[in-house]
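Taking it in order: structure first as structure tokens, then the write-up.
Predicted, not measured: the structure shown is a model, and the values here were computed from it.
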Amino acid sequence: MPFANFKVPEKTLTPTQKQEIVTRTTELYVELYGERARNTTMVLVEEVADGGWGISGDVLTLAMLGGAAAEDGDA
């Protein structure tokens with residue numbers, strides 16, 4: 001079974017964006033493995049708590065990343 005695990009900062013993606021990750025990742029696996037992969041592909045989008053990860057020795061926060069994603073339907 002193909003499996004993809006995306007770890008993203010908490011509150012940086014809208015539900016629509018998460019759906020797009022799942023859909024596009026599934027389509028990529030189908031391109032690579034053929035239609036047989038569609039029904040068994042698992043995509044996990046994990047949200048990491050604010051301040052729960054870093055890069056270059058620095059902890060990243062939501063404020064440093066530019067704030068939360070707008071809710072679906074918000075402008």
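- When all heavy atoms of T25 and A4 are compared, the pair lying nearest together is CG2-CB, 3.6 Å.
- Between R24 and E31 there is no salt bridge, since no side-chain nitrogen of the basic residue lies less than 4.0 Å from a carboxylate oxygen of the acidic one.
- A pairwise comparison of heavy atoms in E35 and V30 identifies OE1-CG1, 3.5 Å as the closest pair.
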Take T23 and Q19, measure what side-chain hydrogen bond (donor to acceptor under 3.5 Å, both in side chains) needs, and give me the verdict at the end. CA-CA 6 Å; T23 300; Q19 178 62 53; 2.9 Å; yes

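- Side-chain N or O atoms of T12 include one that pairs as donor or acceptor with a backbone N or O of P9 at under 3.5 Å.
- Side-chain contact between M1 and T41: absent, with no pair of heavy atoms (C-beta onward) separated by less than 4.5 Å.
- When all heavy atoms of L62 and K11 are compared, the pair lying nearest together is CD2-CB, 4.3 Å.
- One hydrophobic cluster, built from ILVMFWY side chains closer than 4.5 Å, cannot hold both L32 and V43; they sit in different ones.
- The cluster map of Ile, Leu, Val, Met, Phe, Trp and Tyr, joined by side-chain heavy atoms under 4.5 Å apart, puts W53 and M64 in the same cluster.
- Ionic pairing of E47 and K7 is not present here: no N-O contact between side-chain nitrogen and carboxylate oxygen is shorter than 4.0 angstrom.
- Within the 3.5 Å criterion, the main-chain N or O of F3 finds a donor-acceptor partner in the side chain of Y29.
- Listed here is the closest heavy atom pair of V22 and V45: CG2-CG2, 4.4 Å.
- Under the 4.5 Å side-chain heavy-atom criterion for ILVMFWY residues, no single connected hydrophobic cluster contains both M42 and F6.
- Residues L60 and V48 share a single hydrophobic cluster, defined by chaining ILVMFWY side chains whose heavy atoms lie under 4.5 Å apart.
- Two residues are said to be in side-chain contact when any heavy atoms from C-beta on lie closer than 4.5 Å; E46 and V8 fail this criterion.
- With contacts defined as side-chain heavy-atom distances shorter than 4.5 Å, the pair E20/Q17 does not qualify.
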